Amino acid sequence: MRIPILKLHDCLLISIQWELDDATALQFQEDLLHKIHETSANGVVIDLTSIDIIDSFIAKVLGDVINMSKLMGAKVVITGIQPAVAITLVELGITLSDVMTAIDLEKGLEKLQKELGD
């Protein structure tokens with residue numbers, strides 16, 4: 001199952017609606033990087049509101065997706081991080097330095113648009 005990636009102006013919006021397995025996470029990573037390249041997106045909002053827990057592999061893939069997106073020139077905002085997910089990321093040492101966060105998708109998109117100067 002693929003995670004939908006929506007384009008809105010020069011941004012990509014992703015709302016992950018189910019717990020990720022390893023194969024889906026890797027497919028998402030590939031799909032997002034291709035979409036950034038195809039659309040020349042300047043920003044990405046990844047909403048994790050529906051994700052209650054993540055394992056170490058998914059946490060690593062998420063960190064990698066963020067860093068790879070930034071390398072491709074897209075600013076990233078992560079939204080809807082649940083307490084257990086935040087704890088897991090910190091405990092695993094996944095650093096999301098220079099990554100903007102917001103409480104929900106709407107606030108994340110607003111923050112990204114301000115950052116991009118829209």
Side-chain angles (χ1 to χ4, degrees):
M1 182 174 278
R2 289 190 168 193
I3 296 169
I5 301 172
L6 307 174
K7 183 176 184 306
L8 179 66
H9 305 293
D10 60 347
C11 298
L12 300 176
L13 305 177
I14 301 103
S15 180
I16 301 174
Q17 296 295 311
W18 59 87
E19 300 298 326
L20 297 174
D21 59 42
D22 294 356
T24 304
L26 290 173
Q27 184 65 56
F28 166 62
Q29 176 179 295
E30 186 176 323
D31 290 348
L32 178 57
L33 297 176
H34 284 293
K35 195 75 163 182
I36 291 170
H37 179 74
E38 287 173 10
T39 64
S40 300
N42 293 324
V44 176
V45 179
I46 303 173
D47 182 51
L48 302 176
T49 302
S50 297
I51 305 297
D52 294 324
I53 58 170
I54 58 172
D55 63 22
S56 59
F57 182 76
I58 303 300
K60 181 190 177 318
V61 170
L62 181 61
D64 290 348
V65 163
I66 292 165
N67 289 327
M68 290 174 188
S69 298
K70 289 176 9 183
L71 281 173
M72 293 184 71
K75 295 186 182 294
V76 179
V77 178
I78 302 294
T79 65
I81 296 176
Q82 301 297 321
V85 172
I87 290 167
T88 301
L89 290 171
V90 170
E91 287 178 348
L92 293 173
I94 305 292
T95 57
L96 303 176
S97 57
D98 300 327
V99 176
M100 296 176 285
T101 59
I103 196 72
D104 60 29
L105 187 58
E106 182 179 3
K107 298 270 191 250
L109 187 55
E110 288 173 10
K111 188 177 273 193
L112 183 59
Q113 288 174 332
K114 283 181 187 173
E115 184 70 20
L116 295 175
D118 292 345

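These figures come from a predicted structure and were not determined experimentally.
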Looking at every heavy atom in both [X] and [Y], which two are closest together, and how far apart are they?
{"X": "Ala59", "Y": "Leu92", "answer": "CB-CD1, 3.7 Å"}
{"X": "Asp55", "Y": "Ile58", "answer": "OD1-N, 2.8 Å"}
{"X": "Ser69", "Y": "Leu32", "answer": "OG-CD2, 3.7 Å"}
{"X": "Cys11", "Y": "Leu112", "answer": "SG-CD2, 3.6 Å"}
{"X": "Ala74", "Y": "Ala41", "answer": "CB-O, 3.9 Å"}
{"X": "Leu33", "Y": "Met72", "answer": "O-CE, 3.4 Å"}

Which donor-acceptor pairs under 3.5 Å do side chains of residues 42-52 form with protein atoms, sequence neighbours excluded?
unit_1 : atom_1 : unit_2 : atom_2 : d
Asn42  : ND2    : Asp10  : OD2    : 2.9
Asp47  : OD1    : Thr49  : OG1    : 2.7
Asp47  : OD1    : Thr79  : OG1    : 2.7
Asp47  : OD2    : Ser15  : OG     : 3.3
Asp47  : OD2    : Thr49  : OG1    : 3.3

Rounded distance [0.5 Å steps], [atom1] in [X] versus [atom2] in [Y]:
{"X": "Leu26", "Y": "Asp31", "atom1": "CG", "atom2": "CG", "answer": "11.0 Å"}
{"X": "Leu62", "Y": "Phe57", "atom1": "CG", "atom2": "CZ", "answer": "12.0 Å"}
{"X": "Lys60", "Y": "Asp22", "atom1": "NZ", "atom2": "CG", "answer": "12.0 Å"}
{"X": "Ile5", "Y": "Leu12", "atom1": "CD1", "atom2": "CG", "answer": "7.0 Å"}
{"X": "Lys35", "Y": "Glu30", "atom1": "NZ", "atom2": "CD", "answer": "14.0 Å"}
{"X": "Ile78", "Y": "Ile66", "atom1": "CD1", "atom2": "CD1", "answer": "3.5 Å"}

Within the 4.5 Å heavy-atom criterion, are Val76 and Val65 side-chain neighbours or not?
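Val76 does not reach Val65 side chain to side chain.
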Output all residues satisfying side-chain contact (heavy atoms from CB on, under 4.5 Å) with Lys111, sequence neighbours left out; order by chain, then residue number.
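Applying side-chain contact (heavy atoms from CB on, under 4.5 Å) to Lys111 gives Met100.
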Is there a path of hydrophobic side-chain contacts, each under 4.5 Å between heavy atoms of I, L, V, M, F, W or Y residues, that connects Ile54 with Trp18?
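Result: yes, single cluster for both.
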Same cluster (ILVMFWY, side-chain, under 4.5 Å), Val77 and Leu8:
yes
Does Lys70, at its NZ atom, have more than 12 non-hydrogen atoms belonging to other residues, nucleotides or ligands within less than 6.0 Å?
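For Lys70, atom NZ is crowded (more than 12 foreign heavy atoms under 6.0 Å).
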Should we say atom CD1 of Ile103 is surrounded by more than 12 heavy atoms from elsewhere, each under 6.0 Å from it?
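Counting other residues, nucleotides and ligands, CD1 of Ile103 stays at 12 neighbours or fewer.
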If only atom types and distance count, is the side chain of Lys107 paired as donor or acceptor with the main-chain N or O of Leu109 below 3.5 Å?
no
Between Thr24 (side chain only) and Leu20 (backbone N and O only), is there a donor and an acceptor less than 3.5 Å apart?
no
